[in-house]
Amino acid sequence: MNFISIVYGLFLLSVLGIYWSLAQEKLRLWILLIASLVFYASLQAQYIPLLFALVFINFRLGLALGENTSLKEHTLDWRISNEEWQFAQADWNRRRLKILWLGVILNVLLLLGFKYLQPFFKFVFQLPASSDSFKIIAPLGISFFTFECIAYLVDVYRGAPATGEFLKFASYKFFFAKLISGPITRYHKLENQFSALKFPTPDIVAEGLWLIARGAVKKGIFADHLGIFVDLCFGNLQRAGSIDLWLATFAYGLQLYLDFNGYVDIARGSALLFGLVLPENFDFPYFSSNIADFWRRWHMTLGDWLRNYIYFPLGGSRRGLDRTCLNLFIVMLIAGIWHGAALGYVVWGIYHGLALVVHRLTDAISDRFENLEHFWQNPIGILLAWLLTQIMVFTSWIWFRLPNLQDSSLVIQHLWGHSADAQFAEKVYVEALNLSQSQLALVLTILAALMAIVYAFNRNLKLQFHWPVKLFFVPLCLYAVWLLAPEGSLPYIYFDF
């Protein structure tokens, strides 16, 4: 079931009708859970038992982490000495730490098993990369699923209350709006909303529908059309010229952003119609003037997860500049490994890790030299910083799009001074796109300019549509998607992760 489809629209309306016709919270949770299972079954029904088992195990581990029975018994006994109480507390804390590690390792092993078992066996038995003799298809959304489980266990270990309601926990885990590609949502933020559900007001309904409509435009019109050119260009690397590869690199960066951001808009809009607020995942990242700010604004829930559950436990920035740089590098290396088994993702993570280290060192040097600090704060310095940041980000997408190092290395080699053959230009620009190379460059520039205008309206002018205006544009956007989207919608890019 694709988010941009009539089937999903009918599914959403049907579930909403049943959901809001019920008054009891428990019945609403049952409807949400059943609808989510139907949604997932339409994509990969065979993995529902596995995911249910994972949900139940993490639910039970959370209860074990939240238990404090033995300690309470000692605390309530007035005859116990202070020293004995301290020993009991220490024993309890050690037990809780073991339970936490058990849960984290279990979730990580499951994730690594699906992502790395196949390439591991191919490496051990020297099977060709294209061989299908040993093939594992990972459950959709398994990365986001396990990340949320780990976050829940760590939060409970840190003092958040463990839930005793399996229905509520399962509804949170399977909620179809965020199930496949996030945003990564912490349990306790959604639990409070489950307990205080109210029928959405007209402005909230308008906002939900507007998010769905604009997300469909981003994905169905812009991202999918860009994807046609990107696939043609990166699928014919030997024949593409340097200008073609630069255009494809820029186009892929926009495609990835619009595809993933469009998905999250639809997810957040769908959740709003159920009275639930999912966290934002993007905040105009391509207008960041440094790589640290980029990671605060790109895939924000992943960045938040990496900070809270890896960077801070490693020591964060509390142990000096050298250790801070090492921690930043480790976090981004893990982020690269998380995205996939291919070495290109590792290179991508290393590239971003080194960029964060360079930024942190530059900050430290600028703090010592007043003139340098003033330079980065004036318009020329800000523009230069933005340009360097975006060149770094967009070139890093080469390894993300082509994780096979042989392919990505070929692109890097051909970025300068390589000419395309005439047949490539005929096939791509004339037959497929009906645009010249310069016209395509102009289209990409206009798209970037539109993003800049939207950014200015949101960040500088603080202008927002009123809810009647949003409702007016919703059917126009959906009609435009139906009319202008290419045939055979491309799959969401982050489904692979």
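What you see is a predicted model, and the numbers here were worked out from it, not measured in a lab.
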Shortest non-hydrogen contact from [X] to [Y]?
X: D304; Y: R186; result: OD2-NH2, 3.2 Å
X: A485; Y: I221; result: N-CG1, 4.5 Å
X: G220; Y: D224; result: O-CB, 3.6 Å
X: T301; Y: I184; result: OG1-N, 3.2 Å
X: N2; Y: S5; result: O-OG, 2.6 Å
X: A206; Y: L471; result: CB-CG, 3.8 Å

Looking at [X], I'd like to know if its [atom1] atom is crowded, meaning that more than 12 non-hydrogen atoms belonging to other residues, nucleotides or ligands lie closer than 6.0 Å.
X: W30; atom1: CH2; result: no
X: F166; atom1: CZ; result: yes
X: D322; atom1: CG; result: no
X: Q46; atom1: CD; result: yes
X: R307; atom1: CZ; result: yes
X: L10; atom1: CG; result: yes

Show your working on side-chain contact (heavy atoms from CB on, under 4.5 Å) between L153 and N107 and close with a plain yes or no.
CA-CA 11 Å; L153 295 179; N107 283 285; 4.0 Å; yes

Rounded to the nearest 0.5 Å, how far does [atom2] of [Y] lie from [atom1] of [X]?
X: T185; Y: Q193; atom1: OG1; atom2: CD; answer: 9.0 Å
X: Q44; Y: L51; atom1: CD; atom2: CG; answer: 8.5 Å
X: S181; Y: I266; atom1: OG; atom2: CD1; answer: 11.5 Å
X: I31; Y: S14; atom1: CD1; atom2: OG; answer: 11.5 Å
X: L328; Y: L306; atom1: CG; atom2: CG; answer: 11.0 Å
X: L273; Y: E207; atom1: CG; atom2: CD; answer: 10.5 Å

Are any of the side-chain heavy atoms of [X] and [Y] separated by less than 4.5 Å?
X: V15; Y: W20; answer: no
X: L190; Y: L278; answer: yes
X: I398; Y: Y252; answer: no
X: L61; Y: Y157; answer: no
X: L302; Y: H339; answer: yes

Using the ring centroid of each side chain, check whether [X] and [Y] are separated by less than 6.0 Å.
X: Y351; Y: W348; value: no
X: Y152; Y: F59; value: no
X: F274; Y: F176; value: yes
X: F174; Y: F145; value: yes
X: F147; Y: W338; value: yes
X: F282; Y: W298; value: yes

[X] side chain vs [Y] backbone, donor-acceptor pair below 3.5 Å:
X: H188; Y: P161; answer: yes
X: R297; Y: D283; answer: yes
X: S171; Y: L32; answer: no
X: S21; Y: I18; answer: yes
X: R28; Y: L22; answer: yes

side-chain contact (heavy atoms from CB on, under 4.5 Å) evaluation trace for M332 with I350:
CA-CA 7 Å; M332 292 315 301; I350 291 172; over 6 Å; no

Establish, from distance only, whether the side-chain atoms of [X] and [Y] form a donor-acceptor pair under 3.5 Å.
X: D155; Y: Y309; answer: yes
X: S288; Y: W386; answer: no
X: Y187; Y: T163; answer: yes
X: N281; Y: N261; answer: no
X: K173; Y: S36; answer: no

Hey, which of W397, Y257, F250, Y455 is the one that makes ring pair (Phe, Tyr, Trp, His ring centres under 6.0 Å) with Y286?
Y257

Salt bridge (Lys or Arg N to Asp or Glu O under 4.0 Å) between R296 and D293, intermediate numbers included:
CA-CA 5 Å; R296 283 189 287 268; D293 190 40; 3.8 Å; yes

Aromatic Y172 / basic K178 pairing, under 6.0 angstrom, 45° off normal
yes

Do K219 and Y263 form a cation-pi contact, if we require the NZ or CZ to be under 6.0 Å from the six-membered ring centre and within 45 degrees of the ring's axis?
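No, cation not above the ring by the 6.0 Å, 45° rule.
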
Using the salt bridge (Lys or Arg N to Asp or Glu O under 4.0 Å) rule, take E165 and K26 through it: C-alpha gap first, then chi angles, then the decisive distance, then the call.
CA-CA 10 Å; E165 300 178 63; K26 190 172 183 179; over 6 Å; no

Partner of C477 by side-chain contact (heavy atoms from CB on, under 4.5 Å), out of I212, L209, V217:
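For C477, the side-chain contact (heavy atoms from CB on, under 4.5 Å) check succeeds only for V217.
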
Is there a side-chain contact (heavy atoms from CB on, under 4.5 Å) between Y47 and L50 once you walk through the steps?
CA-CA 5 Å; Y47 280 125; L50 173 66; 4.0 Å; yes

Evaluate W376 against T362 for side-chain contact (heavy atoms from CB on, under 4.5 Å), listing each step before the verdict.
CA-CA 10 Å; W376 292 117; T362 303; 4.1 Å; yes

